[in-house]
Amino acid sequence: MATNVLLPQWGMNMEDGTLTRWLVSEGDEIAEGQPMVEVETAKINSELESPASGVVYHIMAAEGSLVKVGALVAVIGEPGENPPRPDPDAVAPAGARRPRRRRDARPTGATARQVTPVARRLARDNDIDLDSVNGTGPRGRITEQDVRDAIEARQSRPRAQVVPRARMLARQEDLDLADVTGSGPSGRITVADVERAIGERDAGAARAEAVGEVVPLTGLRKIIADRMTMSVSTMAQVTLSTEADVTELLELRESLVAEWRPHRIRPLDLDLIIAAVARSLKAHSRLNAHLVDGDVLLLKEVNIGVAVAVPDGLVVPVLKGADSLGLLDIARQIRTLADKTRKNALGVDDMTGAGFTVTALSNYDIDVFTPIIDPPQVAILGLGRAIEKPVVVDGEIVVRSMMHLSVTFDHRALDGVPVAEFMRTLKASMESPGELV
């Protein structure tokens with residue numbers, strides 16, 4: 001019996017994934033649990049494993065395709081079974097949750113229609129806009145023949161009429177008239193049309209000369225761009241900042257160096273700060289939450305995402321159950337996640353489940369910044385550098401190590417006062433860190 005392979009939902013916030021590379025081909029034998037295709041999601045790059053053993057009879061989406069959660073990506077059957085190629089729209093995920101669509105949203109264009117992989121590739125190679133192609137397959141699916149018909153129709157169109165002076169000018173300027181849109185009667189190309197096309201071409205060439213390098217916004221960078229744009233455009237984000245005296249915290253860190261040496265771990269400021277954040281979130285649970293479909297979900301566990309810079313952008317591995325861990329255990333888990341990040345070995349579980357995120361620029365000359373929330377979370381903490389400066393303590397000017405703390409929160413889920421109370425608790429814990437050990 002044939003087995004439909006559907007894109008699973010890895011984490012409650014996952015809505016889709018990009019199939020970056022197929023590891024099998026149609027006709028290949030495959031074992032249950034064998035990786036089939038590499039999938040790039042908003043959180044992580046992972047491999048979709050085969051749910052059954054058999055033969056890969058149908059691959060339903062090409063490399064580079066953006067696929068919704070629950071969508072059909074492949075069909076596996078018994079050897080010799082040769083199951084018919086199904087209609088992807090007719091296959092519903094058994095027990096899987098499809099992403100909810102806003103009531104006022106309506107799919108438009110080829111992005112909302114099914115296109116066979118061969119048709120998509122043919123359209124791309126021949127510069128055919130799929131939005132202009134009439135699909136004749138099931139439920140309007142665009143087939144290879146539909147694209148070939150569009151190519152033939154374009155080639156058979158009568159050539160636009162050209163004013164003789166316009167043709168001469170185009171020849172002198174080495175301009176392809178196929179790139180010119182006519183504004184005259186019946187699409188006739190005029191001198192003004194050619195002059196406008198020449199100006200656009202020359203302006204484009206000037207811009208190209210001014211550009212040293214073009215860096216495509218793809219892969220992880222594209223995912224970060226999409227998610228951050230979605231974050232700031234769908235949330236009412238507000239940032240509150242305060243300054244904490246971390247002198248005693250830094251002294252405590254130094255005092256732990258000898259104690260932790262047998263464990264081969266050197267204490268970091270971040271170890272102590274994460275411990276303080278976990279305690280503070282336990283006392284202020286409104287910040288340890290998700291906003292989903294208009295509901296604020298207060299989370300039982302305190303799972304903290306820790307933003308880590310990588311060559312292509314930023315990843316956020318998650319420290320699970322941080323409120324129940326001792327300081328040394330927090331340090332161990334942070335080192336384990338950092339090691340996995342360096343080796344590009346983070347799994348789906350390592351990257352999902354965070355209720356709150358901490359991001360730091362403390363290793364750079366940055367004092368204060370405005371972090372952006374990672375949805376569906378409702379808050380994020382940004383840490384600036386610790387720097388010595390003169391401050392007034394008990395009426396005297398003394399030199400202390402100070403650090404800016406900035407919390408960005410979603411004003412739909414929280415007001416300023418609960419966030420300020422969280423920051424006051426966090427600041428107190430960082431300024432009197434003895435209880436952290």
Side-chain angles (χ1 to χ4, degrees), residues 12-13 227-246 249 269-307 314 316 318-325 330 353-362 366-387 391 402-433 435-436:
M12 66 177 296
N13 197 43
R227 286 189 62 78
M228 293 300 97
T229 300
M230 184 266 284
S231 175
V232 298
S233 63
T234 60
M235 293 187 189
Q237 299 197 23
V238 179
T239 302
L240 302 183
S241 294
T242 189
E243 199 170 19
D245 184 341
V246 294
L249 185 141
D269 302 350
L270 187 62
D271 302 326
L272 296 161
I273 294 173
I274 291 293
V277 169
R279 288 171 177 262
S280 302
L281 287 173
K282 196 69 174 176
H284 301 275
S285 59
R286 291 294 299 272
L287 281 81
N288 182 40
H290 289 170
L291 181 57
V292 180
D293 296 333
D295 296 324
V296 178
L297 311 179
L298 305 183
L299 306 181
K300 294 180 180 178
E301 293 187 347
V302 177
N303 300 331
I304 300 175
V306 182
L314 201 69
V316 187
V318 181
L319 185 68
K320 301 294 179 68
D323 60 314
S324 62
L325 298 176
I330 286 176
F356 186 87
T357 294
V358 175
T359 181
L361 291 173
S362 50
I366 301 298
D367 293 318
V368 61
F369 62 101
T370 303
I372 298 177
I373 301 169
D374 185 12
Q377 298 170 39
V378 300
I380 182 172
L381 169 67
L383 303 172
R385 62 175 174 171
I387 185 171
V391 296
M402 306 298 293
M403 176 184 287
H404 278 281
L405 313 176
S406 300
V407 173
T408 299
F409 65 97
D410 187 346
H411 216 320
R412 297 176 303 167
L414 288 163
D415 293 322
V417 170
V419 178
E421 290 174 344
F422 163 80
M423 297 179 74
R424 182 165 58 188
T425 300
L426 175 60
K427 177 179 176 178
S429 183
M430 292 174 61
E431 291 183 339
S432 301
E435 63 180 13
L436 300 178

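Note: hydrogens, waters and symmetry copies are ignored here, and every other heavy atom, side chains too, is used. Note that the structure is predicted; figures quoted are calculated from it, not measured.
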Are [X] and [Y] close enough that some pair of their side-chain heavy atoms sits under 4.5 Å apart?
X: I373; Y: Q237; value: yes
X: I304; Y: K320; value: no
X: P371; Y: I380; value: yes
X: H284; Y: T425; value: yes

(message) With no hydrogens and no angle check, just 3.5 Å: does a side-chain donor-acceptor pair link H404 and T242?
(response)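 Note: H404 and T242 side chains miss the donor-acceptor criterion.
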(request) Would you check, one step at a time, whether the test side-chain contact (heavy atoms from CB on, under 4.5 Å) holds for V246 with M402? (result) CA-CA 6 Å; V246 294; M402 306 298 293; over 6 Å; no
N/O donor-acceptor pair under 3.5 Å between [X] side chain and [Y] backbone:
X: S285; Y: L281; answer: no
X: D323; Y: R279; answer: no
X: D295; Y: L297; answer: no
X: R286; Y: A413; answer: yes
X: S429; Y: L426; answer: no
X: N288; Y: E301; answer: yes

(request) Apply salt bridge (charged side-chain N to carboxylate O under 4.0 Å, His left out) to D374 and R227, showing your working. (result) CA-CA 8 Å; D374 185 12; R227 286 189 62 78; 2.9 Å; yes
I need the minimum non-hydrogen distance between [X] and [Y], along with the two atoms involved.
X: K427; Y: A244; result: CG-CB, 3.9 Å
X: V292; Y: P376; result: CG2-CB, 4.1 Å
X: V318; Y: G353; result: CG1-C, 4.3 Å
X: S406; Y: T239; result: CB-CG2, 4.0 Å
X: S241; Y: V368; result: OG-CG2, 3.8 Å
X: V296; Y: A289; result: CG1-CB, 4.0 Å

Inter-residue atom distance [X].[atom1] - [Y].[atom2], 0.5 Å rounding:
X: M403; Y: I273; atom1: CE; atom2: CD1; result: 4.0 Å
X: L319; Y: L325; atom1: CG; atom2: CG; result: 6.0 Å
X: L291; Y: L414; atom1: CG; atom2: CG; result: 9.5 Å
X: I372; Y: M235; atom1: CD1; atom2: CE; result: 10.5 Å
X: L381; Y: L383; atom1: CG; atom2: CG; result: 4.5 Å
X: L314; Y: M228; atom1: CG; atom2: CE; result: 8.5 Å

(request) Give a yes or no on whether the ring-centroid distance for F409 and F356 is below 6.0 angstrom. (result)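 F409 vs F356: aromatic centres not under 6.0 Å.
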(message) Go through it in stages, so that I can follow the logic: the residues are V316 and T359, the test is side-chain contact (heavy atoms from CB on, under 4.5 Å), and I'd like the CA-CA distance, side-chain angles, deciding distance and then a yes or no.
(response) CA-CA 9 Å; V316 187; T359 181; over 6 Å; no
(message) T408 and side-chain contact (heavy atoms from CB on, under 4.5 Å): which single residue from T357, L240, T370 fits?
(response)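 The single option meeting the side-chain contact (heavy atoms from CB on, under 4.5 Å) with T408 is T370.
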